[in-house]
Amino acid sequence: MSNASSPGVLTGSHYLDGDHACSEGAIAAGCRFAAGYPITPSTEVVERIAQRFPQVGGRFLQFEDELAASIALLGGAWGGAKALTVTSGPGFSLMMEHLGYAAITETPCVYVDVQRAGPSTGLPTQPAQGDMMQARFGSHGDYRIIALCPNSPQECFDLTVEAFNLAEEFRVPVLVMLDEVVGHMTEKVVIPSAERIPVTPRKFTKKTPGTFKLFEPAEGTLVPEMAMPGQGHRIHVTGLTHDERGYPAMTVAAQEKMQRRLFDKIVLNADRIVRWEEKHLDDAEVVVVSYGITSRIAEKAIQAARDQGVKVGSFRLITAWPFPEKQIIELSRKVKAFVVPELNMGQMMLEVERIAGGRCKTVGVPHVGGTVHNPEVILNAILEAVR
Amino acid sequence: MSAPVRENPVDKYLRKERMPSIWCPGCGIGTTVNCFTRALDASGFDLEKVAVVSGIGCTGRVAGYLKLDSFHTTHGRAIPFATGLKLARPDLNVVVYSGDGDLSAIGGNHLIHAARRNADLLVVCVNNFTYGMTGGQVTPTTPNPAIASTTPYGAYEQSFNLPHLVASCGGVFVARWTAYHVRQIAKTMGEALSKKGFRFIEIIAPCPTLYLRRNKLGEGLDEMKFYQEKSVVMNGADTREVGLDFRDEIPVGKFVDIERPTLEEAMEARLSKALGTKYVPYTSPGKA
């Protein structure tokens, strides 16, 4: 771990929306390559990048579509740059093949997904949390990614930095999943001085050409070191199942070895990745599990319930993927119910229910999107659940 | 006394541990790779600075056989991957090497936009008029009325004239040869490797297993004889005149060789003009 380098770090207090805070987070994290295709409500991220990059030594190009943007991202990343793309629901759908390619080729890169209501074109300028399962399962085959869910412009900055760091640490695509409200809300964002922003540099191997294997985990880890063209390693990268050299290997054994590690490097390191925020859990009989903008609506409902003497707590997902499984299991042993409000018809609710395993109730508070919950709906669900 | 074993001069460019290749006997792709390695050999380029990007399909496998930094990407997306790679690494000479289906069907949108923006890439398109790896389906270049597995009664759509498509979108170097023209291919590749901007070389190549067999056109060798007889060198030709009809003459040669600013040059020029001293040029991670 080192620190951000000062050029480009906009140290100070700013009044920023979530999308712009993501751009500043990316620049602070050392991102100097971005590829995009316009889609509401995410485009402000790259609009700011288009303005800022030429002043901090970065390169941005708007591509002809999301397919191009999402693989130019990977070309940039393999070139050795820290790379970003930005999209929203339908564009994210188009990027799915390359999310899988990024996963199998273990390409460190960051996708910012500012979610809107769907399916399909849905409600372009209005919020939802409709991509939660797409993020996890959208590309074919089995793979694991990391997804972070900020609930404020401040967290958009902080978690975008974090996303780049996790991408480097685990050689994995990392998603920063806003919703339209968080993307467009403007609040105070405090950007620390460069030396107070920890940045994970890319771990380029120091091994000599001929001895280095691009997909062989570094000693004592599940994550291989990186290389880039021009270092003499003559790397080969393919989306086919491959061996440690990166050569295609069409065997069950190679598939087992490769895919198991892609899985394990995230799943077995979940404790190092998973982040959450908890409130009032000590005496809680009911726990509201929420994320993104919904967590801020839920706070009102939780306060109202507490005012009525209901013992309700809050568990906010900061990483949606990997899911804080251990923590939810532990809570499920203590509480009567989970209440899961979200701006979809119940995506993460399914995960909570699965993990709770019948030890307590799980009550979804679905919402079609387009706007946020009325806190009263969540309050009623809490009151219902505690009965 | 046995003759001393001499190393083939192209061996050092190949990942020999991956041989034999998956390509069928009589296939033209390997021939083009041989030409490419000879072009590299003659060029004296620093091989550490040459990266190859392929899409999917038979020609898509080229990246995996070349002992260079190489990327076998997704179907149709070699060009945008390469554009990203080149923008991030202006110190590299980036070559896209793929087939007609990959580059002109699924990748058609990327092809025209990369030509329009004059992305600094050499694109080698091996055109065998069919999808080889998936079993010989029709492609945008299949001539009317050739038989393909998805046009069992003969193709009926107008086929792409790829040199014209690329030239009309702004490609600065456009050439076509057949797999018969090995010296010309190597020379043209060498020339194109040394040039900047969007460079496109189409190589007409035999697919004996699917295209030739299904159209009862004989073996790979028969096709080479056909190329020999039917090719007409038309250097500098108007690309509108170089379209291909089924079993008709094959116009070959270098059709376009012009100069205009590359994507990077245009980007740098605009940004430095607009921002003046505030402009901070990009530094390649390869420079560190």
Side-chain angles (χ1 to χ4, degrees), chain A residues 7-8 32-35 50-83 85 97-98 100-101 105 109 202 204 209 227-240 242 245-248 250, chain B residues 15 17-18 46-51 53-54 56 61 63-64 66-92 94 106-107 109-110 112-114 116-117 263-264 267 270-272 274-275 278-286 288:
Chain A
R32 292 294 180 273
F33 180 85
Q51 192 193 34
R52 294 264 288 131
F53 261 18
Q55 300 178 53
V56 299
R59 270 191 170 169
F60 162 72
L61 190 67
Q62 179 177 314
F63 277 82
E64 54 272 18
D65 56 29
E66 282 89 349
L67 301 151
S70 63
I71 197 156
L73 166 81
L74 307 180
W78 276 104
K82 290 196 175 182
T85 194
E97 184 185 4
H98 294 140
Y101 185 82
T105 57
C109 57
R202 188 155 301 175
F204 288 115
M228 61 178 163
Q231 292 183 314
H233 298 290
R234 305 287 173 92
I235 57 174
H236 182 60
V237 176
T238 178
L240 290 165
H242 45 264
R245 295 170 300 178
Y247 291 1
M250 301 297 105
Chain B
R15 297 185 197 270
E17 64 277 25
R18 293 210 56 216
D46 178 0
L47 295 183
E48 303 303 345
K49 295 290 178 192
V50 181
V53 183
S54 291
I56 296 294
R61 294 300 185 102
L66 284 166
K67 199 173 182 176
L68 298 165
D69 289 312
S70 54
F71 300 90
H72 180 221
T73 65
T74 51
H75 191 29
R77 318 300 169 196
I79 287 177
F81 181 98
T83 306
L85 178 61
K86 177 68 188 178
L87 285 176
R89 289 296 299 285
D91 53 316
L92 297 177
V94 180
I106 184 167
N109 199 32
H110 311 311
I112 60 176
H113 286 282
R116 170 182 69 82
R117 51 172 73 110
L263 169 62
E264 277 169 73
M267 181 188 269
R270 173 97 303 268
L271 295 172
S272 43
L275 288 166
K278 279 189 181 167
Y279 177 51
V280 179
Y282 179 79
T283 308
S284 169

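Computed from heavy atoms alone, side chains included, the values below leave out hydrogens, waters and symmetry copies. Chain letters run A, B, ... following the sequence lines, proteins first and then strands; every chain starts at 1.
Of the inter-residue distances, the one linking T283(B) atom OG1 with R59(A) atom CZ reads 9.5 Å to the nearest 0.5 angstrom. To the nearest 0.5 angstrom, M228(A) atom CE is 11.0 Å from L85(B) atom CG. For the atom pair NE2 (H75(B)) and CG (L67(A)), the distance works out to 12.0 Å, reported to the nearest 0.5 Å. Here I79(B) contributes atom CD1 and E64(A) contributes atom CD; the two are 9.0 Å apart, rounded to the nearest 0.5 Å. Once rounded to the nearest 0.5 Å, the distance linking OG1 of T74(B) with CD1 of I71(A) reads 3.5 Å.
In this structure, the portions of F63(A) lying under 4.5 Å from any heavy atom of chain B include both its backbone and its side chain. Within the 4.5 angstrom heavy-atom criterion, only side-chain atoms of L275(B), from C-beta onward, approach chain A. Looking at A68(A), the atoms closer than 4.5 Å to chain B (heavy atoms on both sides) sit in the backbone and in the side chain alike. Contact of I112(B) with chain A is not made at all, since no heavy-atom distance falls under 4.5 Å. Heavy-atom distances place the side chain of R117(B), and not its backbone, under 4.5 Å from chain A.
Geometrically, R15(B) does not engage Y247(A) in a cation-pi contact, judged by NZ or CZ lying under 6.0 Å from the ring centre and within 45° of the ring axis.
Scanning both residues, A81(A) and P285(B), for their nearest heavy atoms gives N-CG, 3.9 Å.
The salt bridge (charged side-chain N to carboxylate O under 4.0 Å, His left out) contacts involving residues 67-88 of chain B comprise K86(B)-D120(B), where partners must be two or more places apart or lie in separate chains.
Listed options E17(B), R116(B), K278(B), R18(B) were ranked by heavy-atom pairs under 4.5 angstrom with chain A; first place goes to R18(B).
Classified by interplanar angle (parallel below 30°, tilted 30° to 60°, perpendicular above 60°), the ring pair H72(B)/H236(A) is parallel.
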